There are 2 protein chains.
Amino acid sequence: MAMNKLHTNATLADPEDLASAEPLYYRIAQDLLRSIRNGDYPVGSMLPPEVRLCEHYGASRFTVREALRWLTDHNLIDRRRGAGTTVKNAEPAPSFIYRLSSLSEMLKYPEDTYRENLVSTMVQVDPRLSDYIGSPVGHEWYRIGGLRRSDRSDLPICWSDIYILPEFAPLVAGETTSNEPVFQRIERERGVVIANAQIRIFASSIEGELARLLRVADGSPALTFVRRYLDESGRNFESTVTIHPEKRFEYALELHRDGAGGLQT
Amino acid sequence: MAMNKLHTNATLADPEDLASAEPLYYRIAQDLLRSIRNGDYPVGSMLPPEVRLCEHYGASRFTVREALRWLTDHNLIDRRRGAGTTVKNAEPAPSFIYRLSSLSEMLKYPEDTYRENLVSTMVQVDPRLSDYIGSPVGHEWYRIGGLRRSDRSDLPICWSDIYILPEFAPLVAGETTSNEPVFQRIERERGVVIANAQIRIFASSIEGELARLLRVADGSPALTFVRRYLDESGRNFESTVTIHPEKRFEYALELHRDGAGGLQT
DNA sequence: TAGTGGTCTAGACCACTGC
DNA sequence: CAGTGGTCTAGACCACTAG
């Protein structure tokens, strides 16, 4: 029987136990986690129903549910009304997270900057662009190219090429300057929801015409970002390539240990 | 009185209401959210205590707490035992997260790479280093400098300088090659827990001796990372500076929309 | 010390699942 | 239809905070 798999719990419910400093629901959660890790409840198997856990731990349903809630919050189990509790993971997953309160925060540009659009045209995907935006060679996209500027300096911050699906072109065609990120505009006006954003960051050098526009020497170092924005169905509806000359921009991120960290008792 | 700020709730508790399809705790949560957005409870202000919310909504404490739990989960309020409930955010920020299952994943180097240590010495922080590692000028750190290599290519992947607090020097002194990240070693052998990691990414150029070691032309573009590792008390115990020549390395991250998305009723 | 949120019990009814 | 998890009530004691 499933219950045999649970550890003895004599100490668990004992209020004299030293470990009692921690709430009962937490000790129950840890005990269940231990059982899961032990393989008593392998991934894919079912946990005993709440009532049985109540009997086993001598706790009320509320307390047992708090324990199960903890496991749910840490991505270890799935619960379905009527069906029961399934083990989803044996390890309390991701330990570090980088959290943005909004996607435009990902861009990291100060508020007082704006885009100066210099190129607006339909383009056909060539092999290099295909690698960047992940769209097959030959497909058509609408491209907006321009410089990002700040009022505080004559030097442009970066060159950016924005590629969007042709259907969204009317939203931005004809704009010469803009404060609002294009993806935000698409989200707002067309109800597209960004579910996912992919970012690649690498070093490159600035050559020729681009060097002149960015006012740097030919072959100067640059920080290049390629970003892809995907909607809920996984469709890539916008991609951007931005090229930042040395010393004009820097990207920073801060990772925090997730709550799931301190698990072991 | 604070309670005056709450909307009338006649329909909220009415079981005949059509909206009753949704659980009471959820309707209460939405009502509170509406009040917060309205400015009835500005960011920084306090929400009424649970007991008062119970009276107002005619619900049990359990139900009110479920509502408050919802607000907590969505990053809208902060709760402190004894102190009360504070409004933290007015908008359930559509947040995006980047999750790592471990910190070494942050390094993004393939498994088959290793460090070849060429320099090991105590250093005094100069102004430039101070900006990088965030330690006052004059402080002493232990430095390990070297190349990261892969067996698959003669070209080194990057140059890395690792700065650690002198107390951890014995852990790594004398090593000539290493697979394990230094922070991981410190975590494992000294029980230091990394709570936070800060990363800065920018473009730079490779000059002089470094160019020779990395086998690139003088002034070649590079992707530079500065990383700081902080423990639970906020102490910076390790910082690294890594310099990647063009085309040998690229950093990628993928952001996902957080569950907090679908809020509005 | 009065009032807060955190934990917990012992009940209850319901919606949903799978047999 | 029996059994599951989801919601909810009406109590209780406790740890903690702030005046």
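Not measured: the values here are computed from a predicted model. Only heavy atoms go into these numbers, but all of them, side chains included; no hydrogens, no water, no symmetry mates. So that the names make sense, note that chain A is the first sequence line, chain B the second, and so on, each numbered from 1.
For B:T63 and D:dT9, the shortest distance from a side-chain N or O to OP1 or OP2 is below 4.0 Å. Close to D:dG5, at under 4.0 Å from its OP1 or OP2, lies a side-chain N or O of A:T85.
Across all strands shown, B:R65 has heavy atoms under 4.0 Å from base atoms, whether or not it also approaches the sugar-phosphate. Within the nucleic acid shown, A:R80 comes within 4.0 Å of sugar-phosphate atoms alone, with no base atom in reach, counting heavy atoms only.
Following rounding to the nearest Å, A:R79 (CZ) and C:dT17 (P) show an atom-to-atom distance of 15 Å. The interatomic distance linking B:F62 (CZ) with C:dA12 (P) rounds to 17 Å, in whole Å. To the nearest angstrom, P of C:dG5 lies 13 Å from CG of B:L71. Atom P of nucleotide C:dA15 and atom OH of B:Y26 are separated by 19 Å, given to the nearest angstrom. Atom-to-atom, CG of A:L24 to P of D:dC14 comes out at 16 Å; the value is rounded to the nearest Å. Distance A:D78 CG to C:dC16 C1': 16 Å, rounded to the nearest Å. Going from atom CZ of A:R69 over to atom P of C:dC8 covers 14 Å, rounded to whole Å. The interatomic distance linking B:E22 (CD) with D:dC8 (C1') rounds to 17 Å, in whole Å.
Residue order along DNA chain C, read from the 5' end via each residue's closest nucleotide, puts A:E66 first among A:A83 and A:E66. For the pair A:E50 and B:G82, both in contact range of DNA chain D, the more 5′-proximal nearest nucleotide belongs to A:E50.
For A:P23, counting side-chain heavy atoms from C-beta on, the closest listed nucleotide (D:dC8, C:dT7, C:dT17) is C:dT7. Candidate nucleotides C:dT7, C:dT9, D:dT7 were compared by shortest atom distance to the side chain of A:R61, and D:dT7 ranks first. The side chain of A:P49 lies closest to D:dT4, out of D:dT4, C:dC8, D:dA18.
In terms of heavy-atom proximity, A:W70 sits nearest to A:L76 at CZ3-CD1, 4.2 Å.
Applying the 3.5 Å distance criterion, the base of C:dT7 shares no donor-acceptor pair with the side chain of B:R81. Applying the 3.5 Å distance criterion, the base of D:dG3 shares no donor-acceptor pair with the side chain of A:R52.
In this structure C:dG6 sits in a base pair with D:dC13, meeting the Watson-Crick or G-U test at under 3.5 Å.
Within the 4.5 Å cutoff, the side chain of A:V192 has no heavy atoms near those of the A:F183 side chain.
Donor-acceptor pairing under 3.5 Å is lacking for the side chains of A:R228 and A:S239.
With hydrogens and angles disregarded, no donor-acceptor distance shorter than 3.5 Å links the side chain of A:R185 to the backbone of A:R190.
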task = Could you give me the CA-CA distance, side-chain angles and deciding distance for B:Y57 and B:D31, then say whether side-chain hydrogen bond (donor to acceptor under 3.5 Å, both in side chains) is met?
result = CA-CA 10 Å; B:Y57 290 110; B:D31 189 67; 2.6 Å; yes

